[in-house]
Amino acid sequence: MADSEAKTIAQDEVNSSLGERTQTDVDPAETAEWLSSLQYVLQSKGPERARFLLDQLRDRAATQGVQVPSETETPYVNTIPRKDQPPYPGNRELERRIKSIIRWNAMAMVTRGNKRSDGIGGHISTFASSATLYEVAFNHFFKGRGEDGYSGDTVYFQGHASPGMYSRAFLEGRLTEDNLENFRRELAEGGGLSSYPHPWLMPHFWEYPTVSMGLGPIMAIYQARFNEYLRDRGMKDTSDQRVWAFLGDGECDEPETLGAITLAAREKLDNLIFVINCNLQRLDGPVRGNGKIIQELESIFRGAGWNVIKVVWGDDWDELLERDTTGLLARRMNEVVDGQYQKYTVMPGSYIREHFFGKYPELLELVKNYSDERLEKLRRGGHDPEKVYAAYHQAVHAKNGRPTVILAKTVKGYGLGEAGEGKNVAHNQKKLNEEELLEFRTRFGIPISDEEVGKAPFYKPPENSHEIRYLKERRGSLGGSVPSRPTTHPTIEVPTIDDYRKYAGGSEGKEMSTTRAFVRLLTALCRDKKIGKQIVPIVPDESRTFGMEGMFRQIGIYAHAGQLYEPVDSAQQMYYKEATDGQILEEGITEAGSMSSFNAAGTAYSKHGVNMIPFYIYYSMFGFQRIGDLVWAAADMRARGFLIGGTAGRTTLNGEGLQHQDGHSLLNAIAFPTVCAYDPAFAYEMTVIVMDGLKRMYQDNEDAIYYITAENDNYVHPEMPEGVEEGIIKGMYRFQSRDVDNSIARVQLFGSGAILNSALEAQELLADKYQIASDVWSVTSYTQLRREAGDCQRWNMLHPTETPRRSYLEEQLDGVEGPFISASDYVRALGEQLTPWIPGDYFVLGTDGMGRSETRVALRRHFEVDAASIAIATLYRLSKAGVVSAADVDKAITDLDYDREKPNPYFA
Ligand SMILES: Cc1ncc(C[n+]2csc(CCOP(=O)(O)OP(=O)(O)O)c2C)c(N)n1
Ligand SMILES: [Mg+2]
């Protein structure tokens, strides 16, 4: 190699790859020698060998104490050089025309919607920035469901790019003009289109909801892992099914977006591709005005072990980069911060010449033959189909055991010109005026006349046009339209309660918890011949808390790699067994990750045509409260399965204190329409509820999620009384009556979960000490009772002349006299839901207030849900009814040694 050439390389290397980190070269000749050796190896042996040698050098230097920080950031240029780009397989011109029409209709649907009814909202700028990213994927990569209906890729679309997806579906003939017209008007005649991806609202179309920022990416990771799980366990061959997540650069600030990326690398998920639309803007302004989001994300993902493909510059920059032999242009690219790049997009070419190239005379020289107009048109990589194609191609062929992230630089509001391109207001731009429409139309060559354009009409080429034929042919050859979701799917036959009578019995005098009862049942279900294999136990590092460690050995913990070590407890029966076909998803300490697994498993019926049955068992405090948004997404995507809130109940989990004691997850659950929430007291109640859930969700095909609290209080469980199954499922049944000779009154006591025992104790107390008879009811679900009662009431209101319907609750309490006293380990609002339907005086006790560490006995007194509290409340209500005197109540308070001046737990 000539000396001068070596020098150029040396300078190039130092300048461009080290960027600002230029150091003084104390011995240029020596540097040149090393670089020339590298050049030789590269040319004669190729890049693999060069990488090997560099690794060796770095390792040797490190062992000699030379600190060589591992570089996770590469120059601010495309990862794939022009010479390595594969040829583009499609018809570029036709694809551009199709894309332009899709852009137009996407913009038109938002504009029309907002012109017709101001404030309907929608987004134009996000899809404008990502149209190329989607279109290349639609034309060449996304695999449809295929003939069996359950093959194909899973795509998590960036939520507010949905107008683009509808617009494409319109051209594909899947949506009508009326549908587009009714974007965000879902109650309009003929049906509308949901604002964002919502399978609940468009069950034949959307598969996975995304628009709550950060949930798409984390769910995509666990979906990709679940695909591997299905394959490793021999449930389904998912090897050809990829998972794509499209997300925004601003969205990367959400902890959920990046919080699980190491899992993807650790689990070697090369079936997973993230496409991050780096338009450098979020809602209010730049994502990293003073820095560079692409570089920041590159470091993070590379450090986490992902393949990173940067698509920064369009092909018109290639020539400039190639002509710039000094590496100065790459250096300049690296110097400029995102806020400034955003400025360049809104400024004329003369400004770009002066401020970008003008920093160095050499760069000005480089573009001296470029007109200002040409400088202005230099494209960003995310708008160049060939660059995007090259990135996708590399991502799907990488197969190197790593997930891939594509960081595509784009312009927010691309093509909107004055209406918002690159402007801070772009995100909230909802409509274009006549002039802007005209400009948009002309820029993208949409065949709409000047007279018509102001109305922003939709445009669809004829069915036999090249555009429509091409687009349909492409989707046809890729296995059909994306997204799509089947509305009928296979169901399975599940075992019945009769098969599980053994688990619906009593504890034969022994004490145990409902958690223990649940784990026993789950263990048995995992062995069930009909459904055992389909069960997916999910735990976030709490198996031992719930006494589930016995399951480790029995069914194994899923680990793609198997078990590469001898577990420390291998000599024990219940050792920590990891296996490639393990069944348990032991997620570590991540409730968000675990819930994402639940969502993947809970939608396997519609995604894969395989009914998987997730049981996600967790600390109930860290459920709805912590990851409620993912549960909301689960409801939206019609996920099915069981959420088991362990260590539930504000006073039942005692020692753990304020942060752990859950007295409101059942309150939270009220708000989730598909969630059926239960608070069982006994083993048989637990079993009846689980068996009912299995039947309804997997055999009867109902969209539901069962939330069941499981508690750690040990007590004796009775045998199941005759005929209570319906009551357990519907929400209440009379558990035990106590008559008293010459009783002064009869009262109704409601109890749930462990607090049913307080009600039973109160029953004794009231009978023995105060001559009061009572019935104790086990209320397994206030919420289910209320839902049904409310539904009947609504029907009766709207059908006033017809025979009124009666709810189960009303039927049960027909002719029953109060007072009714309710107590649970949850906030009073839970029980108070029933107020309108209770046929008499109704008084609710509950655990409002902050938790604390204490014994159960002390806590139940503090929160006023123990037997004495129930007895005092009963006497108080009887005094209001004139059955006992105020003095009697006063005496009881003293006799029961009740501190009447104790602080109100509400505020304590
Ligand atoms: C959890 C959550 N918080 C806030 C929002 C409101 N929101 C919608 S889009 C958006 C900005 C998105 O920016 P970016 O991710 O960069 O996407 P872009 O539109 O630029 O492609 C925000 C804050 C949301 N949808 N979800
Ligand atoms: Mg953005």
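Atoms within a ligand are numbered from 1 in the order they appear, just like the ligands themselves.
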Measure the distance from [atom] to every protein heavy atom, then report the residue, atom name and distance (to 0.1 Å) of the closest one.
atom: atom 17 (O) of ligand 1; result: Gln158 NE2, 3.1 Å
atom: atom 15 (O) of ligand 1; result: Glu251 N, 2.9 Å
atom: atom 24 (C) of ligand 1; result: Met213 CG, 3.3 Å
atom: atom 22 (C) of ligand 1; result: Leu283 CD1, 3.8 Å

* Asked: Does some non-hydrogen atom of Ser129 fall short of 4.0 Å from ligand 1?
  -> no
* Asked: Which residue, Thr72, Val405, Val308, Leu258, forms the side chain to side chain contact (heavy atoms under 4.5 Å, CB included) with Ile300?
  ->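 Of the listed residues Thr72, Val405, Val308, Leu258, the side chain to side chain contact (heavy atoms under 4.5 Å, CB included) partner of Ile300 is Leu258.
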Within the structure, does [X] bring an N/O atom to less than 3.5 angstrom of an N/O atom in ligand 1?
X: Gly250; answer: yes
X: Val211; answer: yes
X: Thr126; answer: yes
X: Lys412; answer: yes

* Atom indices of ligand 1, in the order listed, that fall short of 4.0 Å to a heavy atom of Glu254 -> 1 (C), 2 (C), 3 (N)
* **Atom indices of ligand 1, in the order listed, that fall short of 4.0 Å to a heavy atom of Asn277** => 21 (O)
* Asked: Thinking salt bridges, do Asp315 and Arg379 make one under a 4.0 Å N-O criterion?
  -> yes
* Asked: Charged N to carboxylate O under 4.0 angstrom, Asp253 versus Arg288?
  ->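 Salt bridge flag = yes for Arg288 with Asp253.
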* ligand 1 contact on His123 by region, counting heavy-atom pairs under 4.0 Å ->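 His123 to ligand 1: no contact under 4.0 Å from either part.
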* Using a heavy-atom cut-off of under 4.0 Å, does the side chain or the backbone of Asn279 touch ligand 1, or both, or neither? ->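 Looking at Asn279 and ligand 1, just side chain atoms fall under 4.0 Å.
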Has [X] got its NZ or CZ under 6.0 Å from the middle of the six-membered ring of [Y], at an angle within 45 degrees of the ring axis?
X: Arg97; Y: Phe444; result: no
X: Lys409; Y: Tyr341; result: yes
X: Lys460; Y: Phe170; result: yes
X: Arg184; Y: Tyr196; result: yes
X: Arg443; Y: Tyr414; result: yes

* So between His427, Gln281, Arg282, whose heavy atom ends up nearest atom 9 (S) of ligand 1? -> His427
* Asked: Would you say the ring centroid of Trp632 lies under 6.0 angstrom from that of Phe672?
  -> yes
* **Side-chain heavy atoms of Asn428 within contact of Leu283, under 4.5 Å** => yes
* To do: Would you mind naming the N, O or S atom of Asp249 nearest to the Mg ion (ligand 2)?
  => OD1
* Thr345 and Glu421: side-chain donor and acceptor closer than 3.5 Å? ->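 No, because no side-chain N or O of Thr345 sits under 3.5 Å from a partner of the opposite role on Glu421.
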* Asked: Is the distance from the Mg ion (ligand 2) to the nearest N/O/S atom of Thr126 under 2.8 Å?
  -> no
* Return yes when at least one N/O/S atom of Asn279 is nearer than 2.8 Å to the Mg ion (ligand 2), and no when none is. => yes
* Asked: Does the protein put a heavy atom less than 4.0 Å from atom 1 (C) of ligand 1?
  ->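 Flag for atom 1 (C) of ligand 1 set to true, protein heavy atom closer than 4.0 Å.
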